[in-house]
Protein chains: 2
Amino acid sequence: MSTPERLIESTQELLWERGYVGTSPKAIQQRAGAGQGSMYHHFKGKPELALAAIRRSAEQRTALAEEQFSAPGTAVERIADYLRRERDILRGCPIGRLTQDPEVVADPVLRQPVAETFEHLRGRLVAVLTEGQALGELDPTLDVVNTAAMVVAVLQGGYVLARAAGSTEPFQQAAEGAIALLAARQLT
Amino acid sequence: MSTPERLIESTQELLWERGYVGTSPKAIQQRAGAGQGSMYHHFKGKPELALAAIRRSAEQRTALAEEQFSAPGTAVERIADYLRRERDILRGCPIGRLTQDPEVVADPVLRQPVAETFEHLRGRLVAVLTEGQALGELDPTLDVVNTAAMVVAVLQGGYVLARAAGSTEPFQQAAEGAIALLAARQLT
DNA sequence: GTCTATATACTGATAGAC
DNA sequence: GTCTATCAGTATATAGAC
């Protein structure tokens, strides 16, 4: 892989693990196996590298979600599959993590890819739920926008609870709790 | 207020806003109006101050939750009130925020107050839901443990979505989505 | 208890040789 | 493109005077 690519990838990992303020140019260089001069040749500095890394992470997550939701099944099945998907729960969400960095949230350019990732995800869930209603699988009185936001929030909050507990259990409980409530709105 | 108290309070605020790695002794001193020597006289260093601040924040949040759940109403009403409570949503949760700090999560002593705060909160919600079932208000087939975890996750995830969007709207949507699903399990 | 002085390491970058 | 040298500023303290 090229040096700029390795630098971006290392920055993605470090932003995920340690956040913006916890990620130093030196650490990025060491993880990428690149020298000081090399990094500053390809990127103006830490903010430019962070932007490239955040955009890359956002694209990757959106592509992953797109793939997930193209699977077959009823609306509730597809959402349950999404919530139960194999995840490295204790590492947390690489996008959600960024919402705790004041430098990211305060900068419209850095925040935009994060905002778009969640907007896209919620939009995709709205589509799945609306389809379920159109097919007569789901209660048509269900508010699809609120329900979609709830599903994404359960996921992001599940990561928080799991990391607090040092265990994946609360994540799974929250996911199953949401799935059970959704399943109760299926039409038989 | 005494100097140690002001130092703890300043550390609480900075940990909330900027996290462990983003909080420097110098910034703590400035916010507290205390000098270098004064801070190191009262506390061994940053780790000790952080521990005191985290414990304090955990106690305060637990007390707040305790107060909230002692209000009257049906199980669903009390949970809805909790989710709709006046909050400074875009600032995020001072406890949930800490789960993104590797230094906090990796240290059992620093993580413990965070873990206990969420355990207590989920336990309190389990009690409210169980009471609702015992009183015949709520569907007795509802899994109270999973549902309680879901409610806390919606809250924590709602903060994440709101900060990503730069707007409180997704938080409120997620909360209303959860409330509507819960309300559907009430017995008439 | 609080202050100033001092110290080592790291942060984030620039300059210029190769 | 990559390397080494250099730099001002910050992080996180310790020492000792007052």
Side-chain angles (χ1 to χ4, degrees), chain A residues 1-57 97-98 100-107 109-111, chain B residues 1-57 97-98 100-107 109-111:
Chain A
M1 205 188 306
S2 70
T3 298
E5 283 300 312
R6 288 203 317 279
L7 285 165
I8 291 174
E9 205 165 281
S10 299
T11 307
Q12 287 182 274
E13 293 171 10
L14 284 163
L15 287 178
W16 187 1
E17 294 166 19
R18 315 190 35 77
Y20 188 90
V21 68
T23 296
S24 70
K26 190 178 178 183
I28 294 170
Q29 293 151 25
Q30 286 175 342
R31 192 170 294 216
Q36 189 102 322
S38 186
M39 189 196 105
Y40 283 102
H41 172 74
H42 294 291
F43 298 92
K44 274 202 229 306
K46 175 171 159 174
E48 193 174 294
L49 243 176
L51 178 57
I54 290 173
R55 284 185 172 157
R56 178 71 58 86
S57 292
R97 185 348 163 178
L98 301 170
Q100 301 305 324
D101 286 308
E103 300 82 1
V104 172
V105 168
D107 182 341
V109 176
L110 289 179
R111 188 168 60 74
Chain B
M1 205 188 306
S2 71
T3 297
E5 283 300 311
R6 288 203 318 278
L7 285 164
I8 291 175
E9 205 165 281
S10 299
T11 306
Q12 285 182 277
E13 291 171 11
L14 284 163
L15 286 178
W16 186 3
E17 291 166 20
R18 315 191 35 77
Y20 188 90
V21 69
T23 296
S24 69
K26 190 178 178 182
I28 294 169
Q29 293 151 25
Q30 287 175 342
R31 190 170 294 215
Q36 191 100 323
S38 185
M39 189 196 105
Y40 283 103
H41 172 75
H42 293 292
F43 298 93
K44 274 202 226 311
K46 176 171 157 173
E48 193 174 295
L49 243 177
L51 178 56
I54 290 173
R55 285 185 172 155
R56 177 72 58 88
S57 292
R97 203 278 168 238
L98 301 170
Q100 301 305 325
D101 286 308
E103 299 80 2
V104 173
V105 169
D107 182 340
V109 176
L110 288 179
R111 187 168 61 73

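In what follows, every chain begins at residue 1, and chains take the letters A, B, ... in the order their sequences are listed.
Here the straight-line distance linking atom CG of A:Leu51 with atom NZ of A:Lys44 works out to 11.5 Å at 0.5 Å rounding. The line from CG of A:Leu49 to OH of A:Tyr40 is 9.0 Å long, rounded to the nearest 0.5 Å.
The side-chain contact (heavy atoms from CB on, under 4.5 Å) test applied to A:Ser57 returns A:Gln12, A:Ile95, not counting sequence neighbours. Partners of A:Gln36 under the side-chain hydrogen bond (donor to acceptor under 3.5 Å, both in side chains) rule, at least two apart in sequence or in another chain, are A:Gln29. Residues satisfying the side-chain contact (heavy atoms from CB on, under 4.5 Å) test with B:Pro4, not counting sequence neighbours, are B:Ser2, B:His42, B:Phe43.
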Readout for nucleotides 11-18 of chain D: B = base within 4.0 Å of protein heavy atom, S = sugar-phosphate only, - = neither; 5' to 3' it is SSBB----

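Among pairs with a residue in residues 1-15 of chain B, those fulfilling salt bridge (charged side-chain N to carboxylate O under 4.0 Å, His left out) read B:Glu5-B:Arg56, B:Glu13-B:Arg31, at least two apart in sequence or across chains. Screening residues 18-28 of chain B for salt bridge (charged side-chain N to carboxylate O under 4.0 Å, His left out), with sequence neighbours left out, gives A:Glu103-B:Arg18.
Side-chain contact between A:Asp107 and A:Arg111 is absent, with no heavy atoms from C-beta onward closer than 4.5 Å. Within the 4.5 Å cutoff, no side-chain heavy atoms of A:Pro102 are placed close to those of B:Glu17.
Nearest heavy atoms, B:Tyr20 versus B:Ala50: CE1-CB, 3.5 Å. Contact record, A:Ala53 with A:Leu15: CB-CD1, 4.0 Å, taken as the closest heavy-atom pair.
Counting to the nearest Å, the P atom of C:dG12 and the CZ atom of A:Phe43 are 16 Å from each other. At whole-Å resolution of the value, CD in A:Gln29 and P in D:dG1 are 17 Å apart. Computed from coordinates, the A:Gln30 CD to C:dC10 C1' distance equals 11 Å when rounded to whole Å. What separates CD of A:Glu48 from C1' of C:dG12 is a distance of 14 Å, to the nearest Å.
One axis for each end of the helix from C:dG1-D:dC18 to C:dC18-D:dG1, each built from five base pairs, and the angle between them comes to 0° at 10° resolution.
A close approach under 4.0 Å does occur between a side-chain nitrogen or oxygen of A:Thr3 and OP1 or OP2 of D:dT2. Neither OP1 nor OP2 of C:dC3 sits under 4.0 Å from any side-chain N or O of B:His41.
Residues of residues 4-13 of chain A having a heavy atom closer than 4.0 Å to DNA chain D: none are found.
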